[in-house]
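This report concerns only the one structure given below.
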Amino acid sequence: MEPAGHNPSATTADNSAVRSVTGDDAPAGIAGGARRVRVHHLQRAKERGERITMLTAYDATTAAILDAAGVDTLLVGDSIGNTMLGHATTLPVTLDDMVRAGRAVAAATRHAWVVVDLPFGSYEAGPEQALASAVRVMKETGASAVKLEGGRRSAAQIRAITDAGIPVVGHLGYTPQSENVLGGPRVQGRGDDSAEELSQDALAVQEAGAVAVVLEMVPREVAARITEFLVIPTIGIGAGPEVDGQVLVWTDMAGMTDWSPRFARRYAELGRALQQAAADFAAEVRDGAFPADEHTFDQ
Ligand code: KIV
């Protein structure tokens with residue numbers, strides 16, 4: 001007999017702890033007929049010219065919805081600092097924050113490849129620290145890969161994590177954890193010297209064993225050139241269309257706040273819809289329209 005209050009359908013054998021809105025199976029995406037996107041699907045997508053889709057996710061409910069939509073990969077980004085935790089930057093985000101969010105997202109995902117960001121302060125000290133942080137993420141979340149920022153400066157860390165059997169996604173261009181050096185969110189790789197530096201970093205990330213690299217706020221021509229000479233897939237955010245995939249922060253993409261960066265398209269206005277729903281709820285409670293008979297238990 002099931003223990004009281006246990007709902008056997010709430011946690012399925014494939015570890016999906018949260019049901020999506022529709023419950024429909026996700027469209028195929030880069031995994032083709034395979035149920036779960038795995039690391040080799042990213043490489044195959046690049047070789048076949050199929051675009052990779054990635055959105056951020058920070059909690060189980062949202063992850064289940066994005067997963068059901070057929071998004072190939074979910075990034076538990078340290079943008080959780082700005083989007084969910086009320087910080088002005090990603091710098092205060094801790095490994096504990098990432099582990100908690102990573103576990104929620106991985107538990108709610110049936111299809112997507114889940115990547116967890118290593119936050120500022122969890123890998124810069126060297127390969128040993130980076131490996132310990134990555135191992136903790138993998139052991140405690142159920143994610144499939146980690147992401148970290150930096151090119152040549154992070155190559156030894158990427159190598160150490162990769163050698164331990166953990167896939168790594170690199171992150172180049174505008175790297176928010178270095179915003180105090182970069183002077184805020186600014187396009188990186190403009191001009192020949194800067195583009196050359198970025199290309200060297202991209203090669204270093206690939207040679208260190210990364211399975212993919214995010215290019216953030218990079219001129220399209222530079223991103224296109226890097227995409228051309230790298231063997232691993234590039235995933236752009238503000239890097240133009242000539243990359244192997246696109247990533248957006250889900251709250252930007254869904255219009256959760258009034259402002260979105262120029263490189264993000266707003267596919268919905270969920271912030272306004274949510275505000276209206278909350279206002280309707282409050283009004284109906286105040287005038288007695290909610291709860292109605294159908295929301296009420298009789299003796
Ligand atoms: O943390 C994040 O959301 C990211 C994306 C912007 C790529 O790193």
Side-chain angles (χ1 to χ4, degrees), residues 16 18-30 51-90 93 97 101-102 104-105 108-115 117 173-174 176 179 184-187 214-218 220 223 235-241 243 245-287 289-292 295:
S16 308
V18 175
R19 288 182 169 273
S20 67
V21 179
T22 64
D24 294 342
D25 279 345
I30 61 167
R51 294 260 161 81
I52 298 163
T53 57
M54 176 185 267
L55 286 172
T56 63
Y58 315 105
D59 68 278
T61 302
T62 313
I65 294 167
L66 305 179
D67 187 57
V71 176
D72 298 310
T73 74
L74 293 183
L75 170 65
V76 186
D78 63 351
S79 51
I80 191 173
N82 318 62
T83 57
M84 299 290 146
L85 301 180
H87 301 310
T89 72
T90 60
V93 174
D97 291 333
V105 169
T109 303
R110 286 194 305 160
H111 171 74
W113 193 66
V114 176
V115 185
D117 257 342
Y174 176 62
E179 70 146 65
R186 301 172 64 195
V187 175
V214 167
L215 299 176
E216 180 165 355
M217 295 185 75
V218 172
R220 70 185 292 174
I235 302 177
I237 174 163
V243 285
Q246 297 288 333
V247 53
L248 285 177
V249 170
W250 87 259
T251 49
D252 293 337
M253 178 279 303
M256 285 293 280
T257 55
D258 286 343
W259 179 86
S260 298
R262 185 185 144 209
F263 55 72
R265 178 169 289 165
R266 296 167 74 93
Y267 287 87
E269 293 297 335
L270 292 197
R272 279 191 213 151
L274 184 57
Q275 184 174 339
Q276 189 57 56
D280 291 348
F281 162 76
E284 289 199 349
V285 170
R286 288 179 191 125
D287 68 16
F290 179 83
H295 310 118

Distance from [X] atom [atom1] to [Y] atom [atom2], nearest 0.5 Å?
X	Y	atom1	atom2	value
Leu274	Met256	CG	CE	5.5 Å
Ile52	Asp72	CD1	CG	7.0 Å
Leu248	Tyr267	CG	OH	7.0 Å

Determine all donor-acceptor pairs shorter than 3.5 Å in which one atom belongs to a side chain in residues 73-90; sequence neighbours excluded.
| unit_1 | atom_1 | unit_2 | atom_2 | d |
| --- | --- | --- | --- | --- |
| Thr73 | OG1 | Thr53 | O | 3.4 |
| Asp78 | OD2 | Gln177 | NE2 | 2.6 |
| Ser79 | OG | Tyr58 | OH | 2.7 |
| Asn82 | ND2 | Ala88 | O | 3.2 |
| Thr83 | OG1 | Ser79 | O | 2.9 |
| Thr89 | OG1 | Leu91 | N | 3.1 |

Residue Gln275 excluded, over 12 heavy atoms near CD under 6.0 Å
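Open: at most 12 neighbouring heavy atoms sit under 6.0 Å from CD of Gln275.
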Please enumerate all residues that pass salt bridge (charged side-chain N to carboxylate O under 4.0 Å, His left out) together with Arg220, with sequence neighbours excluded.
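Residues passing salt bridge (charged side-chain N to carboxylate O under 4.0 Å, His left out) with Arg220: Glu242.
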Applying salt bridge (charged side-chain N to carboxylate O under 4.0 Å, His left out), can you list everything that pairs with Arg266, at least two apart in sequence or on another chain?
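For Arg266, the residues satisfying salt bridge (charged side-chain N to carboxylate O under 4.0 Å, His left out) (neighbours in sequence not counted) are Glu269.
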For Phe290, which residues count as a ring pair (Phe, Tyr, Trp, His ring centres under 6.0 Å) partner, sequence neighbours excluded?
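Ring pair (Phe, Tyr, Trp, His ring centres under 6.0 Å) list for Phe290, sorted by chain: His295.
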Where [X] and [Y] come nearest, the two heavy atoms and their spacing:
X	Y	result
Ala108	Ala60	CB-O, 3.2 Å
Ala223	Ala239	CB-O, 3.3 Å
Pro176	Glu216	CD-OE1, 3.8 Å
Val218	Gly173	CG2-CA, 3.8 Å

Tell me, which pairs form a side-chain hydrogen bond (donor to acceptor under 3.5 Å, both in side chains) where one or both residues lie in residues 245-259, sequence neighbours left out?
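For residues 245-259, and leaving out neighbouring residues, there are no side-chain hydrogen bond (donor to acceptor under 3.5 Å, both in side chains) pairs at all.
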My understanding is that only residues two or more places apart in sequence, or in another chain, count here; which of them pass side chain to side chain contact (heavy atoms under 4.5 Å, CB included) with Ala283?
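For Ala283 there are no side chain to side chain contact (heavy atoms under 4.5 Å, CB included) partners, ignoring immediate neighbours.
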Going by side chain to side chain donor-acceptor pair (under 3.5 Å), name the residues that satisfy it together with Gln276, two or more places apart in sequence or in a different chain.
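With neighbours one apart ignored, the set is Asp280.
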